[in-house]
Amino acid sequence: MKVISSIHDLRDQLRGQTRVAFVPTMGNLHEGHLSLMRKARQHGDPVVASIFVNRLQFGPNEDFDRYPRTLQEDIEKLQSENVYVLFAPTETDLYPVPQQYRIHPPADLGDILEGEFRPGFFAGVCTVVMKLFSCVNPRVAVFGKKDYQQLMIVRQLAQQFALPTDIIAAETVRDTDGLALSSRNRFLSPDDRAEAPRLYGLLSGIRDQVLAGEKNFAHLEAEARAALQAAGWLPDYIAIRRRADLRVPGADDIAQAETAESLVVLAAAKLGSTRLIDNLEI
Ligand code: PAF
């Protein structure tokens with residue numbers, strides 16, 4: 001595997017490649033990321049990964065400085081997945097001048113849910129994804145469903161700018177107790193790690209109740225929020241939404257909820273000092 005930090009060298013290395021499958025990451029790779037590499041392999045060749053902790057998508061009070069950076073371990077993991085190139089630019093490689101041109105997703109998709117609690121997050125994501133795509137020129141790019149809203153926003157970015165890159169979705173990888181794998185899980189204390197699967201448990205409970213015919217979504221959301229609070233969490237949101245546009249379900253969506261496979265339940269909550277997100281398609 002070649003580890004490349006300059007955009008110029010990356011372009012040289014990838015010249016003539018027309019079927020690149022790309023997996024952008026922020027590093028601290030776990031089994032979830034590796035499953036994205038395997039998915040990429042099914043859709044293209046060679047597989048190119050990137051590791052870049054993108055300052056633009058972190059708020060002033062978020063965890064940019066303490067975000068785990070484990071490049072050596074990450075390189076070993078990517079080597080064993082037969083990744084062809086790892087693009088690991090420094091901040092000056094990727095942002096040699098202040099990045100003043102930015103991509104802002106539409107407010108009705110970018111300022112809800114994660115966007116409401118992390119202002120500017122999706123503009124930071126869209127801007128770096130556009131720039132990484134411009135460097136790598138991938139035929140396909142793989143994004144995990146764990147970041148459901150990000151996946152949807154990137155997909156629409158690619159569509160609306162007619163990018164020559166198909167966006168492929170990969171399923172969330174979970175620990176045996178249901179906790180979705182995340183680089184931020186390493187910040188959980190042992191007690192919080194034992195508590196953390198409650199989030200997935202509550203999402204599964206909501207899914208099961210919707211599938212059993214429960215129509216009072218506001219009640220389901222409020223019950224789950226109260227259960228998190230009672231267990232010491234600080235929930236940001238627990239929301240049953242339409243998969244297609246993440247809007248609040250209308251009467252038709254609610255009427256067909258058991259059969260239509262049109263809904264998703266999404267949640268974000270803080271446990272100790274760690275903010276966890278998860279979601280489940282219904
Ligand atoms: O999902 C992530 O790790 C990041 O948001 C991404 C897509 C690599 C952009 O920085």
Side-chain angles (χ1 to χ4, degrees), residues 5 7 10 20-37 39-40 47-59 62-71 73-74 77-78 81 83 85-91 93-95 99 101-105 109-110 113-115 117-136 138 140-158 161 163 165-173 180-187 266 268 274-279:
S5 60
I7 296 176
L10 179 74
V20 168
F22 178 44
V23 186
T25 81
M26 297 205 301
N28 193 235
L29 304 179
H30 49 65
E31 196 48 42
H33 294 108
L34 303 185
S35 80
L36 304 182
M37 306 298 157
K39 186 94 181 172
V47 174
V48 174
S50 68
I51 293 180
F52 181 68
V53 184
N54 173 39
R55 192 186 287 276
L56 298 188
Q57 70 192 69
F58 287 79
E62 293 186 353
D63 56 356
F64 176 77
D65 287 327
R66 73 165 192 159
Y67 199 85
R69 289 157 173 90
T70 51
L71 189 60
E73 287 105 302
D74 292 347
K77 289 178 186 162
L78 293 176
E81 294 297 330
V83 169
V85 165
L86 168 62
F87 179 44
T90 63
E91 280 197 283
D93 286 317
L94 204 63
Y95 299 131
Q99 185 68 31
Y101 286 69
R102 309 254 175 131
I103 306 264
H104 291 272
L109 193 54
L113 302 168
E114 281 301 283
F117 292 92
R118 304 185 68 187
F121 171 66
F122 287 117
V125 168
C126 287
T127 302
V128 80
V129 165
M130 191 68 144
K131 192 149 188 179
L132 291 168
F133 281 11
S134 153
C135 299
V136 174
V140 303
V142 182
F143 289 81
K145 284 193 188 177
K146 159 99 181 347
D147 296 292
Y148 203 84
Q149 190 175 4
Q150 168 173 280
L151 164 66
M152 177 164 292
I153 286 175
V154 168
R155 186 168 265 152
Q156 295 197 12
L157 170 78
F161 282 102
L163 302 183
T165 305
D166 291 341
I167 306 301
I168 312 274
E171 293 302 326
T172 300
V173 178
L181 298 193
S182 162
S183 301
R184 290 189 170 96
N185 292 352
R186 64 153 54 197
F187 296 134
L266 310 104
T274 308
R275 187 170 178 279
L276 299 178
I277 66 169
D278 201 354
N279 66 80

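Order of appearance sets the numbers: ligands from 1, and atoms from 1 within every ligand.
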Is R102 positioned over the aromatic face of F122, cation under 6.0 angstrom from the ring centre and no more than 45 degrees off axis?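 Checked: cation-pi criterion not met.
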Which atom pair, heavy atoms only, marks the closest approach of V53 to F64?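 Closest pair (atom of V53, atom of F64, distance): O-CE1, 3.5 Å.
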Any idea which heavy atoms bring V128 and Q57 closest together, and the distance? CG1-OE1, 4.0 Å
Side chain to side chain contact (heavy atoms under 4.5 Å, CB included) partners of F117, counting only residues at least two apart: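 If we apply the side chain to side chain contact (heavy atoms under 4.5 Å, CB included) test to F117, skipping adjacent residues, the hits are D236, Y237, R275.
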The criterion is side chain to side chain contact (heavy atoms under 4.5 Å, CB included); which residues satisfy it with M152, sequence neighbours excluded?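 Here the qualifying residues are L109, Y148, Q156, L246.
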Residues passing the side chain to side chain donor-acceptor pair (under 3.5 Å) test with D93, sequence neighbours excluded, are T90
Return a table of N or O atom pairs, ligand 1 on one side and protein on the other, at distances under 3.5 Å, rounded to 0.1 Å.
from     : atom 1 : to   : atom 2 : distance (Å)
ligand 1 : 1 (O)  : Q150 : NE2    : 2.8
ligand 1 : 5 (O)  : Q57  : NE2    : 2.9
ligand 1 : 5 (O)  : Q150 : OE1    : 2.7
ligand 1 : 10 (O) : Q57  : OE1    : 2.7

